[in-house]
Every structure is written in structure tokens, then in C-alpha cells.
Amino acid sequence: MNTMTENKYFFRPCTWIFLLLVGLTVVTWFIGMKQFSGLQISLMVLGIALLKGQLIGDYFMGLRRVSGFWRWAVAIWLLLIGSLISYAFNISA
Amino acid sequence: MIIRLIQFQDRENQMNPMEKSKWPPGDLVIWIFIMAELLVFGIFFAAYAFTRANHVELFNTYQATLDRNSALLNTLALITSSYFVVRAVAAIKIDDNKRCFQWLLAALFMGVVFLVIKSIEYQHHFSQGINLSTNTFYMFYLSLTFFHFLHVVLGMVILIAVALKARAGGYCAQEHTGVETGASYWHMVDLVWIVLFPLVYVMK
């Protein structure tokens, strides 16, 4: 019975999120392999990473079903490091 | 006070899974540990980015020597492993200890894949005489990735403990805090790599 219940939900939301994460990872790798560079490219790659991080926090860590501080704990971390890294790349561009 | 918080969190975890909880999945203590780990990695990432700002040419030159194909495989290994852990948590929520154990084994296998690929990368660098004192870029690259490597090892030790308990039938749909605790830590290891991969291997 349990197996049937699991099979019924094989393409559950987390499976689609997993496929999206794989797709975004391949995009990042492709940008790296093509040696694309520059501030805008770097910020785009960083943006993709932050989006992936938020997806992991929401769907894999289960924070989308949490309220209050813990709902935003990972998002705050991503926002902070994203801002610092963006600033550092901006001053070196 | 922490014990009272955990007891309150345990009661909240018994509620309807569709309702929003005040507390994240698993033990609250692991989440305090996770935030501490994220803070340390965040400082490490910022230090890398600001040091790079003063050595852009050096960082870009030596970043080009890294193997991005290995980095891609490692990222896919960790994402896949995290997905398997999500499935393990879903399995235990329907009282399926056997399926939970199998998903955790699959996740551990992907963890081993990560460690093997990273070890091959390190072996390649060391055979070329590269070490922490070669230059500033390699100092950051080796220390950041090895620090993360150690976290993968610790995450796997936690997952092994959870998997063994699941195999023994130690969890059920009503009480699976241990599975969620191990899962949360493993996702943190994945989350850190998700930022590390573009920062060290791609952005320039």
C-alpha cells in the first residue's frame, strides 16, 4: 500500500524542483565552459545560484511550510552573501 | 530554555502537515548549528570575493585551471543526493522504513561519488605541486573546498546513523524527527555548494 502511495506521487513538486535545479546547474556550467566574463554575467550566475538556494530552502528543507523567522532564515543568508559578493565584484569591475 | 523550546517544537510537529509550523523540520538544535555553519561559510565567501577584488587578474588566471566538468558532476551529485533525502523523508512520513532506508542509501552513494570526484581533483592539484601556499587563489580554493569536503563527510556520518535506525524500524510516520534532522543538515551541505560552485569555478 505504501509503495502505491509513493508511486502515485512520483512526479511530486520536489521532482520538478530537482529537474529545475539540474537545468539551472547546466546553464551555470555552460557559462563557465564558454568563458563568458564581465560584471553582468557574474551577477546573472550569482542570481541563478541564489534562486537555486531559495528553491532548496523552500522545497528540500521544507521552509515554505514554516512561518516566522525560520521561514526566511535561508533567504536572509542568501540575500546577505549575495549583496556582499555583488558589491565585491562591482568594485573590482 | 532551549529544552522548553524543543519540547514546544515537538508538540507543534504533531499538527496537521498542511498547516504552517512555527518551527523548521527536525530538531531546533540542528537549525541553530546550521545557521552557525552558514554564517562561517558566508564569511568565507565574502572574504574570497573581497580578496579577489584586489587580485582580479590572478584569480581569473588560476580559476581557468580548475576542472569545471568535475565541478558540474559534483554539483549534480549533491543535488541528486539532496533529492533522494527528500524522498527518504517522504517515505518515512507514510511509515515506510524500508523505502526510507533505500533512499538514504542512494543519497549516501551520491555523497561517495562527490567525495571520489573531489579527491581525484585534489590528487591532480597535489601532483602538480599545488598547495595552500602556491598563491592566494589556491589558498582560498583549497581551504574553502576542503572545509566543505569535511562537511560532506560529517553529513554522511549523520545520514549513516539515520539510515541504520531506519533499517531497524526506528522511525514511524508519527515520530521521524531524526530523519528530518539529518535531512536538514544534508540540505545545508548542498546549499553551501550551490553558492561555492559558481563563485569559485565560474564567476570572473
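Order of the sequence lines sets the chain letters (A, B, ...), proteins ahead of strands, with each chain counted from 1.
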K.L.:
Hey, are the side chains of B/H187 and A/Y59 touching, using non-hydrogen atoms and a 4.5 Å cut-off?
P.N.:
no
K.L.:
Taking OH in B/Y122 as the centre, count heavy atoms belonging to other residues, nucleotides or ligands within less than 6.0 Å. Is the count above 12?
P.N.:
yes
K.L.:
Using heavy-atom distances under 4.5 Å, tell me whether A/I56 contacts chain B through its side chain, its backbone, both, or neither.
P.N.:
side chain
K.L.:
Between NZ of A/K52 and OG1 of B/T75, what distance do you get to the nearest 0.5 Å?
P.N.:
6.0 Å
K.L.:
Only heavy atoms, only distances under 4.5 angstrom. Which residues in residues 75-82 of chain A are near chain B?
P.N.:
A/W77, A/L78, A/I81
K.L.:
Report which part of B/L39 has an atom under 4.5 Å of a heavy atom belonging to chain A: side chain, backbone, both, or neither.
P.N.:
backbone
K.L.:
Taking atom CD as the centre, does B/Q128 end up with more than 12 heavy-atom neighbours from other residues, nucleotides or ligands that are less than 6.0 angstrom away?
P.N.:
yes
K.L.:
Between B/Y83 and A/F18, how do the two ring planes meet: parallel, tilted or perpendicular, split at 30° and 60°?
P.N.:
parallel
K.L.:
Taking C-beta and beyond as the side chain, do A/I85 and B/M203 meet within less than 4.5 Å on heavy atoms?
P.N.:
yes
K.L.:
Without swapping roles, check the side chain of B/R68 against the backbone of A/M33 for a donor-acceptor pair under 3.5 Å.
P.N.:
no
K.L.:
Out of B/T51, B/V192, B/T80, B/D190, return the one with the most heavy atom pairs under 4.5 angstrom to chain A.
P.N.:
B/T80
K.L.:
Quick one: what part of B/N54 sits under 4.5 Å from any heavy atom of chain A, side chain, backbone, both or neither?
P.N.:
neither
K.L.:
Would you say B/S184 and A/M61 make side-chain contact, with heavy atoms under 4.5 Å?
P.N.:
no
K.L.:
Do the side chains of A/C14 and B/R87 get nearer than 4.5 Å, heavy atoms only?
P.N.:
yes
K.L.:
With a 4.5 Å cut-off on heavy-atom pairs, point out which of A/Q35, A/R64, A/M44 contacts chain B the most.
P.N.:
A/Q35
K.L.:
I'd like to check A/V66 versus B/W23 (side-chain heavy atoms, cut-off strictly below 4.5 Å). Are they in contact?
P.N.:
no
K.L.:
Do other residues, nucleotides or ligands put more than 12 heavy atoms under 6.0 Å from the OH atom of A/Y87?
P.N.:
no
K.L.:
For a quick test of reading the model, state the closest non-hydrogen atom pair linking A/W70 to B/M35 and the distance between them.
P.N.:
CZ3-CG, 3.7 Å
K.L.:
Kindly indicate whether the side chain of B/L199, heavy atoms from C-beta on, has any atom under 4.5 Å from the side chain of A/F89.
P.N.:
yes
K.L.:
Minimum heavy-atom separation for A/A49 and B/P198, please, with both atom names.
P.N.:
CB-CG, 3.6 Å
K.L.:
Which heavy atom of A/L84 sits nearest a heavy atom of B/A46, and at what distance?
P.N.:
CD1-CB, 4.0 Å
K.L.:
Can you tell me how far CG of A/L21 sits from CG of B/L76, rounded to the nearest 0.5 angstrom?
P.N.:
10.0 Å
K.L.:
For the atom pair NZ (B/K22) and CZ (A/F69), what is the distance rounded to the nearest 0.5 Å?
P.N.:
14.5 Å
K.L.:
Is it the side chain or the backbone of B/Y201 that comes within 4.5 Å of chain A heavy atoms, both, or neither?
P.N.:
neither
K.L.:
Would you say A/T25 and B/F197 make side-chain contact, with heavy atoms under 4.5 Å?
P.N.:
yes
K.L.:
Quick check on A/L63 against chain B: is it the side chain, the backbone, both or neither that has a heavy atom closer than 4.5 Å?
P.N.:
side chain
K.L.:
Go through the steps for B/N69 and A/W29 under the test side chain to side chain contact (heavy atoms under 4.5 Å, CB included), then give the verdict.
P.N.:
CA-CA 8 Å; B/N69 292 327; A/W29 165 81; 3.0 Å; yes
K.L.:
If you count heavy-atom pairs under 4.5 Å with chain B, which of A/A73, A/S92, A/G53 comes out on top?
P.N.:
A/S92
